[in-house]
Visitor: 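Okay, handing you the structure first.
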Amino acid sequence: MSGSANHQFRKAKSLIASLLCSVAALLVIAPLGLIFFYLLRSGLSSLNVAFFTNLPRPVGEPGGGMANAIVGSGELLALASLIGVPVGVLGGVYLAEYGTARVNALLRFVADVLNGVPSIIWGVVVYGLIVLPFKSFSAYAGSLALGFMMIPLIMRTTEEVLLLVPGGYREAALALGISRWKTIVHIVMKTASKGIVTGVLLALARIAGETAPLLFTAFGNRFWNRSLAEPIAALPLQIFTYAISPYDDWHRQAWAGALLLVAMIFLINLLVRFLTRGRAARVA
Amino acid sequence: MKLTALTLVLTALVSGSASAQMTINGAGATFPYPIYSKWFDEYAKVDSSVRFNYQSIGSGGGQKQIIAQTVDFGASDGPMTDENLKSAPGKLLHIPTVAGAVVMTYNLPGNPAVKLDGETIAGIYLGTIKKWNDAKIAALNSGVSLPDQEIVVVHRSDGSGTTFIFTDYLSKVSADWKSKVGTNTSVNWPTGLGGKGNEGVSGQVKQTPGAIGYVELIYAKQNKMPVAEVKNSDGVFVGPTVESVTAAMATAQIPDDFRFSITNPAGKDSYPIAGATWLLVYEQQNDAAKGAKLVEFLKWSMAKGEEMAKQLDYAPLPQELRERVLKRINEIKF
Amino acid sequence: MATAAVPTSVLQLRPASRFGDRAFEWLTFAMSLGVVVLVILVGWQLARGSHLAITKFGFHFLATSTWDPVAEQYGALPFIYGTVVSSLLALIIAVPLSIATAIYLTELAPLWIRQPLASGIEMLAAIPSVILGLWGIFVMIPWLRAHAFPALKAALGWTPFFTGPIYGVSMLAGGIIIAIMILPIITSVAREIMRSVPNLQREAAYALGATKWEVTRIAVLSYAKNGLFGAAILGLGRALGETMAVTMVIGNTPQIKASLFAPGYTLASVIANEFTEATTDMYLQALFEIGLVLFGITILANLLAQLLLKTMTRKMTTRVAQ
């Protein structure tokens, strides 16, 4: 019967559509597998003690390592947190605890706009703001660019986790005569502390691999950074320089650096998983 | 608690990195980067109280950053224009260091030895010669089997002294080039791919079959890439070597401000696309301590550094020029 | 004594705590204003850095295609073109794949596969741009040059889009790398949106005898249309500003060519390559203006995305309320 034939056709169509969707899912996840495969294949063999402890060798001479870039990235992230964490967390507190609906809508909106600013723009802005007036590329400039990027990220996640704290906690504390700001700091923020840390970690994971904002700020350094007012090496910057070079040995080290960077980022993400374990992980 | 921990970590980092050692920052040309990084590495053994951090961002960058005073010295292999010199806040000196060859390197199946002349190179970079087996290239290379392959032109994407030397040469040998493109550290390229730095161009050529690019000799050598012989103004095909660059250098008339060009020189032994490279330093140094160390280093480079140049296939400066430069170095005030 | 002390201490505390409250509120308010300050800072820095170029070139800056540092003529059209085309290519590749993947994740996949797959996609989002670029140079480009591009040329060489020499680095390579970068964000936003479609909708469609695909199409896709569009625009916002990976594979040549095999250049890449080395003031001004243009168009894209996603959530909440 034609009705049944039609039904068969519709069923077949449904099957094909399902098949296409699963193929699409496979295609989306394929790059991840491919990137991992090559990172491990090309990077693992180059991770040796020298890579972690040595400075880069002069151009074209094989050997050396990325010790200064690894430490440099650490310094930049720590300094960036010093800017991004207090501003982001306290700003998030305002959104969650104080702001009126209208002000909040505006602030949230601006924060989302900031999240969309291309990272290269931060480099340009900080170059004009810090590098030119102070006449030096510096660790400060690099971390300021990264710190700026952290602010809207942390602000939004902090707000979200604070809103998850039940209102009853606040009311109970206020009813006991505890002042509002103490209630917020000692009760609300403490309850949500894991979530806040999670937000900070996610922001760190996000900026750890940023290269573009560092090009005209941190600038790179072949040696150890001796003062934060001087240029500083960073892992992503070093990977970029080595990747576009013609030297096989530098390519090898770029892969090793990339493997290390990805491992670090995934470690942070694992930590986040661990922290949000058992809770509806709604932080993204 | 988290904040305290963070502060602790930071104080540790800051105090750990505060020490008596001085860093002198420089940036610019990628053309002499291999020899400079060698010098700075060696010099660290001579004077351990100072580190020279050199970032190879391109000659355009070297000029720009020394004018903006974001670095302690700049480096360029194109001399600065009068206009740019005027825009600097103080008197800038050109200190020539070494000379080198800009080589035509390529990536062909089997990498046969290829000969080129100025007109042909200009044609390739203007986009009028599109294939490797073009009649103009074939005419210079009888007996070489050139593939029927598109030429992938690679040039610099950043401001570059290597580009300056290369376009300066092309402007001298090709009227077409001079009128359509001209000479500068960055130009309006009619065709081709952009690579960042000598590193980026050699990397791009090495990765791309059918590619041709211009880089400093050492980049081709270190990466075992083939280089073309180029016809000089006496009509002789000459390969880029320390000797042929030295021969080109010998023809130069060098003025007192040390700004000179040695492209397309006379002499049958001269390699035609050669150039010197300069460090750019202020005559009046702002920071006395850094200035003193910088001058010490410059003197060392004239005395000891020049001898290392040959190992990396750069041509050292002639003795007579070195003495003139040394005199100029002594005029730096701090 | 204790009883005497308590009332006084409370009285003393009150104004102090009010001051503390007010101070804390102001402190947090000031910090939240940080984002507003930052937006103004970015706009001000870019405008200040480019005002000479804006007055000198005017509208021509956006409409001409000469980028000539020798003659000091700067036109940003090839960069705008490169940014728009590479981003659109990325969208063409990424949007169907992402939406299909989101459908698979919410409607079709066996339950045990959903979480690991979603986590995998989140991991892809965490891979830094520069590493994708590294992979692009050494793995993707050689493969495209040797296999994918010749096949494309053989099959579609009759169109103007797949002609000319194959370099490997190209507009298409740039588009593909951007697509990989925006797949995760579009997929996860699309997934959120589909998950928030009330089950009632699906059940109603099933009750009418619809097949699984028809349920998805009628109940989910048509319902979530605006939101999915918003997800795509959000992806576009990301695509426009992508820098490192694109710079490494697009070829860095400011030109407007129909062929996708030809190299291109984007707004973000030209800043990355030329910013520290612009020798003259006007050159630097022109690069600042490029930054301003980039800032402008990414803001526009993000505004549009927010708007679309907001109407979507509003629709959801009102329907659910009903």
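Naming: A, B, ... by sequence-line order, numbering from 1 per chain. No experiment lies behind these values; they were computed from the predicted model shown.
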Visitor: Tell me, side chain or backbone of C/L284 under 4.5 Å from chain B's heavy atoms, or both, or neither?
Guide: side chain

Visitor: Can you tell me which portion of B/V154 sits under 4.5 Å from chain C's heavy atoms? Options are side chain, backbone, both or neither.
Guide: neither

Visitor: List the residues meeting ring-ring contact (aromatic ring centres under 6.0 Å, His included) with B/F258, not counting sequence neighbours, and say none if there are none.
Guide: none

Visitor: So, using ring-ring contact (aromatic ring centres under 6.0 Å, His included) as the criterion, who are the partners of B/F164 when residues are at least two apart?
Guide: none

Visitor: Output the donor-acceptor atom pairs between chain C and chain B under 3.5 Å, with atom names and distances to 0.1 Å.
Guide:
residue, atom, partner, partner atom, Å
C/R145, NH1, B/Q207, O, 3.2
C/R145, NH2, B/Q207, O, 2.6
C/G251, O, B/G194, N, 2.7
C/T253, OG1, B/G192, O, 2.4
C/F275, O, B/K64, NZ, 3.4
C/T276, O, B/Q65, NE2, 2.8

Visitor: I'd like to check the side chain to side chain contact (heavy atoms under 4.5 Å, CB included) partners of C/L38; sequence neighbours left out, ordered by chain and number.
Guide: A/L114, A/W122, A/F148, A/I151, C/L41

Visitor: Is it the side chain or the backbone of C/A272 that comes within 4.5 Å of chain B heavy atoms, both, or neither?
Guide: backbone

Visitor: At their closest point, which heavy atom of B/G192 faces which heavy atom of C/P263, and how far apart are they?
Guide: O-CG, 4.4 Å

